[in-house]
Amino acid sequence: MSILVLGGAGYIGSHAVYQLIDQKSDVVVIDNLQTGHREAIHPEAKFYEGDCRDIEFMRKVFSTESIDSVIHFAANSLVGESMQEPLKYFDNNVHGTQVLLQVMQEYDVKKIVFSSSAATYGEPNSIPITEDIPTNPTNAYGETKLTMEKMMKWCEQAYGIRHVSLRYFNVAGARESGEIGEDHSPETHLIPIILETALGQRSHITVFGDDYDTPDGTCIRDYVHIEDLIHAHILALAYLNNSGKSNIFNLGSNQGFSVKEMIETARKVTNRVIPEKLGERRAGDPSILIASSEKAATILNWHPTKNSIEKIIQDAWNWHLNNPNGFNKDVSNE
Ligand code: UFG
């Protein structure tokens, strides 16, 4: 029996595939390679290139492979873009999940682990954020993730498909052994942009506002190491395999760091000059997002071991130093 990973060529999905293969699971990957990288797919995974909205393609995969459970990462995930093109997000994220659930129902696959987001909460009214606070997304991306969660809830009632929804906070870092890392185009995330500046690929990092209600005025986020995050998915699969009921868990480190603290730490870790400039606030940025991951600790027995920001930045830095052009090894062909 295999585990199907949708979006297994993306940043988070590819790290999941590597860890699943580390623990000797059989892995089938589906990815349309719109944002993922062929080079990020583990060579031992069985790869199908295609789109989860294409029901005939999906049926072909489910009828060829013996699929036991699904981990679903395939989605568009840029908050800013989701405000410009919300229908793209509803189509790929919501409709894609609808087709996936339809095919899971047809082929009697009853377990799914799903990548959700802290963006489902919007601007939280209390910190740290627990799973029971109201969900009130402030962007279309978060709305699609919440809609996907709701769709799964109804599919459980109707078809008995059990799900674990994992609400990520700020995922960062890279696989410790260095084969894969983060490579988005365009890059919008803080740590890769800081490290591209350290490499001299950017002249400076722009700090998006220093007038927030935080000690140094810059936004505070909860950074979680990608390998710890993926371990939670493996625990979530085990939970479903042990007949666990559908559930939602936050995945963060329970600690917050400001944008300025992240830049300062990156200067120490890389020992490079990282010029910064102050810019305008970025629309839609909440001032403080910090998770309570107590529930994942208690129920999934999830205890992150790599969540110092030095470690997260160090592993990301190793990847950036060794792969300054990401997965594109031959930039002369650009
Ligand atoms: N930031 C800068 N300069 C930059 C880039 C980011 O100051 O060049 C700041 C942002 O304003 C924010 C912090 O760094 O305060 C982190 O920004 P990221 O873009 O790295 O991450 P976000 O917190 O915006 O987004 C993350 C995930 C999203 C998810 C969201 C949930 O990347 O997918 O958390 O709130 F939707």
Side-chain angles (χ1 to χ4, degrees), residues 7 10-13 35 73-83 86 89 92-93 114-124 127-129 133 135-149 165-173 182-184 186-198 201-226 229 250-253 256-266 274-291 309 312-313 316:
Y11 167 49
I12 301 178
T35 54
F73 299 99
N76 290 108
S77 62
L78 298 177
V79 169
E81 184 187 59
S82 79
M83 300 302 277
Y89 279 67
N92 194 24
N93 298 3
F114 163 64
S115 77
S116 186
S117 170
T120 52
Y121 295 111
E123 184 79 56
I127 296 285
I129 298 171
I133 72 162
T135 46
N136 189 17
T138 51
N139 54 63
Y141 164 70
E143 191 76 72
T144 63
K145 289 282 171 170
L146 189 58
T147 307
M148 292 150 86
E149 286 188 355
S165 175
L166 300 173
R167 291 180 176 164
Y168 308 159
F169 283 67
N170 288 61
V171 188
E182 188 167 8
D183 179 8
H184 294 115
E187 189 52 77
T188 62
H189 296 98
L190 179 66
I191 293 178
I193 289 177
I194 293 175
L195 298 179
E196 287 172 14
T197 311
Q201 295 172 335
R202 295 173 186 255
S203 60
H204 64 275
I205 162 103
T206 304
V207 175
F208 295 147
D210 71 349
D211 57 353
Y212 287 92
D213 187 14
T214 62
D216 67 18
T218 64
C219 288
I220 291 178
R221 291 289 181 275
D222 178 335
Y223 295 88
V224 53
H225 195 292
I226 181 105
L229 181 103
N250 288 340
L251 298 181
S253 68
F257 294 93
S258 73
V259 172
K260 278 185 181 282
E261 285 174 317
M262 296 304 287
I263 298 171
E264 203 43 54
T265 307
I274 304 177
E276 68 181 77
K277 287 190 181 169
L278 180 60
E280 297 291 310
R281 283 185 176 202
R282 188 172 66 179
D285 272 347
S287 53
I288 305 179
L289 290 175
I290 302 174
I309 50 168
I312 291 172
I313 293 173

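This chain uses plain numbering: 1 for the first residue, then up along the sequence. In each ligand, atom 1 is the first atom listed, and ligand 1 is the first ligand listed.
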D213 and S287: side chain donor to acceptor below 3.5 Å: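 Per modelled atom types, D213 and S287 side chains form no pair under 3.5 Å.
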E143-Y89 side chain donor-acceptor pair, cut-off 3.5 Å: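 Side chains of E143 and Y89: no pair found under 3.5 Å.
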Ionic contact status for D210 with K260, cut-off 4.0 Å: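 No, this pair does not count.
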All ring pair (Phe, Tyr, Trp, His ring centres under 6.0 Å) counterparts of F257, not counting sequence neighbours: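 None.
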Per-ligand residue contacts, ligand 1, heavy-atom threshold under 4.0 Å: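 Residues near ligand 1: S77, V79, S117, A119, Y141, N170, T188, H189, L190, I193, I205, T206, V207, F208, C219, R221, Y223, V259, R282, D285, L289.
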Y121 six-ring face occupied by R167 cation (under 6.0 Å, within 45°):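 Verdict for Y121: a cation-pi partner in R167.
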Flag, side chain of N76 to backbone of N92, donor-acceptor distance under 3.5 Å: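 Side chain of N76 to backbone of N92: no pair is present.
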